[in-house]
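Working notes for the structure below.
Just so you know, residue 1 is the first one in the sequence shown, and it goes up from there. If you're wondering where the values come from, they're calculated on a predicted model, not measured in any experiment.
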Amino acid sequence: MTQDDLAFTTGYLDDLRHVIGELDAGAIATAIDWMRQARDADATIYICGNGGSASIASQMVVDIVKGASLRKQARFRMVGLTDSIATITAYANDEGYETVFEEPLKNFARAGDLVIGISGSGNSENVLRAIRYANLSGCRTIALTSGESGQLRDEAQLALAVLSSHMGRLEDCFFIMTHVLCYAFIEDD
């Protein structure tokens with residue numbers, strides 16, 4: 001271990017603690033309530049994102065479909081729009097990458113469903129288009145995004161914003177928030 005390694009690690013963790021401290025617990029609690037309402041109404045929750053955000057979306061689906069539903073009376077219907085590579089590449093190739101989440105929503109989303117979009121920049125056109133379509137279709141919409149820039153936080157009905165533009169800290173906080181959303185139901189008896 002070098003002093004530079006220790007200084008970097010300490011600085012990163014100090015910055016992360018600060019950003020975590022700025023997360024809006026009220027907004028996260030509202031998201032939990034919206035998820036509960038969707039579950040209880042037998043509505044579907046859809047989630048999407050690109051790159052690391054796609055991985056976070058997929059992980060949340062696992063935690064909800066298995067962790068928050070297994071052996072539970074009330075079970076969730078949740079779909080990761082990020083998880084069908086064949087569908088994504090078909091739309092990307094034939095219609096453009098900006099359509100890859102919106103077009104499947106046109107097939108499946110119903111009024112009362114919930115759509116969650118994740119974008120660190122807040123400007124991912126395919127996520128924005130999914131949120132816009134969902135808003136027009138009577139769905140509720142939640143964004144996990146930067147609180148410092150981007151359009152997504154203003155397009156979604158509820159923004160779970162991270163006050164950072166550092167992609168690592170954004171993704172760290174996205175994981176933390178999705179775990180809070182999931183464990184509210186995993187630990188709920």
Side-chain angles (χ1 to χ4, degrees), residues 15-16 19-20 22-24 27-28 30-31 34-35 38 43-65 78-110 113-182:
D15 288 344
L16 181 57
V19 174
I20 291 170
E22 297 293 320
L23 295 177
D24 184 342
I28 298 168
T30 298
W34 287 11
M35 289 176 63
T44 303
I45 300 170
Y46 299 93
I47 190 166
C48 61
N50 298 290
S53 297
S55 295
I56 293 166
S58 292
Q59 179 62 44
M60 186 175 178
V61 172
V62 170
D63 287 343
I64 289 293
V65 170
M78 187 168 190
V79 174
L81 297 172
T82 55
D83 294 334
S84 176
I85 296 302
T87 301
I88 289 171
T89 58
Y91 277 119
N93 186 63
D94 298 341
E95 303 300 322
Y97 191 65
E98 66 277 2
T99 70
V100 300
F101 303 134
E102 175 189 21
E103 287 300 324
L105 284 176
K106 288 179 180 178
N107 290 13
F108 302 116
R110 302 167 300 168
D113 287 344
L114 175 61
V115 177
I116 302 170
I118 307 174
S119 173
S121 70
N123 291 316
S124 299
E125 185 60 28
N126 55 5
V127 175
L128 286 166
R129 286 176 68 155
I131 293 296
R132 289 175 187 142
Y133 176 78
N135 285 334
L136 292 173
S137 300
C139 299
R140 281 184 162 166
T141 57
I142 298 174
L144 278 71
T145 192
S146 172
E148 294 188 347
S149 63
Q151 302 171 56
L152 186 58
R153 76 167 180 255
D154 296 325
E155 297 274 353
Q157 296 163 9
L158 177 64
L160 305 184
V162 179
L163 296 178
S164 180
S165 58
H166 184 278
M167 193 56 67
R169 284 185 270 292
L170 285 164
E171 290 179 351
D172 292 336
C173 289
F174 294 163
F175 261 124
I176 289 168
M177 289 189 291
T178 59
H179 279 151
V180 172
L181 297 175
C182 295

Exam field: side chain Q59 to backbone H179, donor-acceptor pair closer than 3.5 Å: no

Interatomic spacing from CD1 in I45 to CE in M35 - rounded to 0.5 Å: 4.5 Å

Side-chain (E148) to main-chain (S165) donor-acceptor, under 3.5 angstrom: yes

Walk me through whether V79 and F108 qualify under side-chain contact (heavy atoms from CB on, under 4.5 Å). CA-CA 10 Å; V79 174; F108 302 116; over 6 Å; no

Quick check against the 3.5 Å criterion: does T141 have a side-chain atom that pairs as donor or acceptor with the backbone of Q157? yes

Decide, yes or no, whether a salt bridge links R132 with E125 under the criterion of side-chain N to carboxylate O below 4.0 Å. yes

May I ask you to decide if T99's main-chain N or O and R129's side chain share a donor-acceptor pair within less than 3.5 Å? no

For the side chain of D113 and the backbone of T44, is there at least one donor-acceptor N/O pair under 3.5 Å apart? yes

Any salt bridge (Lys or Arg N to Asp or Glu O under 4.0 Å) involving residues 156-169? Give me the pairs, sequence neighbours left out, ordered by first then second residue. D15-R169

Judged by atom type as modelled, is there a donor-acceptor pair below 3.5 Å linking the side chain of N123 to the main-chain atoms of Q151? yes

Show me the pairs that pass side chain to side chain donor-acceptor pair (under 3.5 Å) and involve residues 80-91, at least two apart or across chains. S58-T82, S58-D83, S84-T87

Measure from the side-chain N and O atoms of S146 to the backbone N and O of S164, and report whether any donor-acceptor pair falls under 3.5 Å. yes

What pairs meet the ring-ring contact (aromatic ring centres under 6.0 Å, His included) rule with one or both residues in residues 116-165, with sequence neighbours excluded? none

Could you check whether any side-chain N or O of T145 sits under 3.5 Å from a backbone N or O of S119, counting only pairs where one atom can act as donor and the other as acceptor? yes

